[in-house]
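So you know, we letter chains A, B, ... as the sequences are listed, proteins then strands, and number each from 1.
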Number of protein chains: 2
Amino acid sequence: MPEPEPAPAKRGGYAKGDARKQQILDRAIEVFAQRGANKTSLRAIAEAVGVTHGTLIHHFGSLEELLVAVYLAGDKSVDARLELSENPSPVEIMIESARANRAVPGMVQLYSTLMAAAIEEGHPAATDFATEWFRTVRENIVQRVRENQQAGRIRADLDPRAVASLVIAASDGLQTQWLLDDTAPQSEALQLLEDLLRTDE
Amino acid sequence: MPEPEPAPAKRGGYAKGDARKQQILDRAIEVFAQRGANKTSLRAIAEAVGVTHGTLIHHFGSLEELLVAVYLAGDKSVDARLELSENPSPVEIMIESARANRAVPGMVQLYSTLMAAAIEEGHPAATDFATEWFRTVRENIVQRVRENQQAGRIRADLDPRAVASLVIAASDGLQTQWLLDDTAPQSEALQLLEDLLRTDE
DNA sequence: GTCTATAGGGCGATAGAC
DNA sequence: GTCTATCGCCCTATAGAC
């Protein structure tokens, strides 16, 4: 199935390879959205994408690296939407991200799988992803906390780094609870945390 | 290696089988404490315990059921210690449990692995464990929240169920963060949550 | 009852042909 | 780039020795 190539690029020709990689990634994300992170062997993904498992290894190096790439690509859409709102509270960010994940439960399963792999030894790709992920997210949230404190929306006496870790942890843990029992008070608990952090009425 | 049998019991004779099962479990817990949840195949565990993988299957039915049994057995010691203290706050319970897990990181890895398996389909043992686990823990914590509210130590206007879910989620999430980066403010964030829940000074 | 041995199949990863 | 073939490891399940 020859498709119209997006400008093959005479020089430094990685365009074709990257395009193919992106194609595979797009299809893989669809698969995760539809079927969840279930039975995600290289062979199963390869079959769904329409190549062999060897091809996936060629493009991504290992199953784990492919999974990381899928998660990061899927996360971008959430990120983009958040850029639009102004000075959101840390908890609002988590609520928005939870909303997105609720629509695509496969992403939460994938996140859990990657985190479980990350805290075991011998999974460098997952460990690197998780370490970098928490570093970035925590940094981001710490900044939001500071902004909200300056705006008088979060109590100024709280340590931004502790607040950030708490908010992230709560969000992660609640998603797990909610996936196992959809009567778990996910939104309520997040809203509760929001209220607790707010400057005293 | 014939060991002194603990009263073979003429009737309803499951004593011997249960004893062997407990032996295996004890040894498996040691292995997890020493080496973490790494490379936990039936064969690897069997080798460490000193039997074959078939023996483990015979006693526990499947790898997943063995892992659940190991986690539950390892958790009992924490539970026992908590019974001693009187009317602990929900967060104090989590801090104590975090302290225990810090000493035996393999248990946190095991917990993560089980939770990741639980939220995927096709892992009934893990799913049953996790569902029941959250049900029990949440029930327990809700009760503690109520007691603390009556004692005037937690704000009476908060929904106990939301508080319980939040505390559990925060604790779980912080342990993951801490395992990946031991400078993550685990204790600080838990203490912060404790302070936020406290009746206004 | 308890355990060993083995069958049958899936996995990730690699090597090399096209 | 993509394929096939293959390696070594893992899993569950079962047959039968002790």
Side-chain angles (χ1 to χ4, degrees), chain A residues 1-3 5-6 8-9 12-28 37-70 110 113-114 116-117 120-126, chain B residues 1-3 5-25 27-28 37-69 113-114 116-117 120-126:
Chain A
M1 297 93 179
E3 294 193 358
E5 293 293 343
Y14 287 109
K16 202 168 164 187
D18 285 359
R20 189 76 183 96
K21 207 167 154 175
Q22 190 57 48
Q23 255 179 31
I24 292 176
L25 216 43
D26 289 344
R27 183 76 190 95
N38 260 8
K39 294 289 176 191
T40 43
S41 66
L42 274 179
R43 282 170 173 82
I45 298 171
E47 188 188 1
V49 171
V51 295
T52 65
H53 69 277
T55 303
L56 297 183
I57 291 279
H58 172 72
H59 283 292
F60 295 94
S62 72
L63 171 63
E64 226 159 64
E65 288 171 279
L66 169 59
L67 294 181
V68 168
V70 168
L110 180 52
T113 304
L114 285 173
E120 296 204 17
E121 267 152 44
H123 301 260
Chain B
M1 297 91 181
E3 293 192 1
E5 292 293 342
K10 284 193 192 95
R11 277 174 174 282
Y14 286 109
K16 202 169 160 186
D18 284 0
R20 188 80 182 92
K21 207 166 153 175
Q22 190 58 48
Q23 256 178 31
I24 292 175
L25 216 43
R27 184 75 189 98
N38 259 9
K39 294 288 176 191
T40 44
S41 67
L42 273 180
R43 280 171 174 79
I45 298 171
E47 188 187 1
V49 171
V51 295
T52 66
H53 72 277
T55 303
L56 297 182
I57 289 279
H58 171 72
H59 284 293
F60 296 93
S62 72
L63 170 64
E64 226 160 63
E65 288 171 279
L66 170 59
L67 294 181
V68 169
T113 305
L114 285 173
E120 296 204 17
E121 268 151 43
H123 301 261

Of residues 43-54 of chain B, the positions that come close to DNA chain C - non-hydrogen atoms, cut-off under 4.0 Å: B:T52, B:H53, B:G54

Partner residues of A:L63 under the side chain to side chain contact (heavy atoms under 4.5 Å, CB included) criterion, sequence neighbours left out: A:L42, A:I45, A:L67

Salt bridge (charged side-chain N to carboxylate O under 4.0 Å, His left out) involving B:R27 - partner list, sequence neighbours excluded: B:E30

Of A:G61 and A:K39, the one whose closest DNA chain C nucleotide lies more 5': A:K39

Side chain to side chain contact (heavy atoms under 4.5 Å, CB included) partners of B:A44, counting only residues at least two apart: B:S41

Atom-to-atom span, CG of B:L56 to C1' of C:dT4 - whole angstrom: 13 Å

Which atom of A:V70 lies closest to which atom of A:A28, heavy atoms considered: CG2-CB, 4.0 Å

Closest listed nucleotide, where the reference is the side chain of B:L42 and the choices are C:dC3, D:dT2, D:dT12: D:dT12

Pair A:Q22, A:D26: side-chain N/O donor-acceptor within cut-off below 3.5 Å: yes

Touch class at under 4.0 angstrom, heavy-atom based, for B:T55 against every strand present: base

Short side-chain N/O contact to C:dG1 OP1/OP2 from B:R20, under 4.0 Å: no

Value in whole Å for how far the P atom of C:dC11 lies from CG of A:L67: 14 Å

Euclidean distance, atom CD of residue B:E64 to atom P of D:dT12 [Å, nearest integer]: 9 Å

OP1 or OP2 of D:dT2 under 4.0 Å from side-chain N/O of A:H59: yes

Between P of D:dG1 and CD1 of A:I24, the distance in whole Å: 10 Å

B:E65: partners by side chain to side chain contact (heavy atoms under 4.5 Å, CB included), with sequence neighbours left out: B:S62, B:A125

A:E65 CD to C:dG12 P, straight-line distance once rounded to whole Å: 14 Å

Contact under 4.0 Å: A:S41 side-chain N or O vs C:dC11 OP1/OP2: yes

Separation of C:dG1 P from B:F60 CZ (nearest whole Å): 17 Å

Sequence-distant partners of B:N38, side chain to side chain contact (heavy atoms under 4.5 Å, CB included), two or more places apart: A:E120, A:E121

Sugar-phosphate, base or nothing in reach of A:I57, heavy atoms under 4.0 Å: base

Whole angstrom value for the distance that separates P of D:dC10 from CG of A:L63: 17 Å

Atom-to-atom span, NZ of B:K21 to P of C:dC3 - whole angstrom: 12 Å

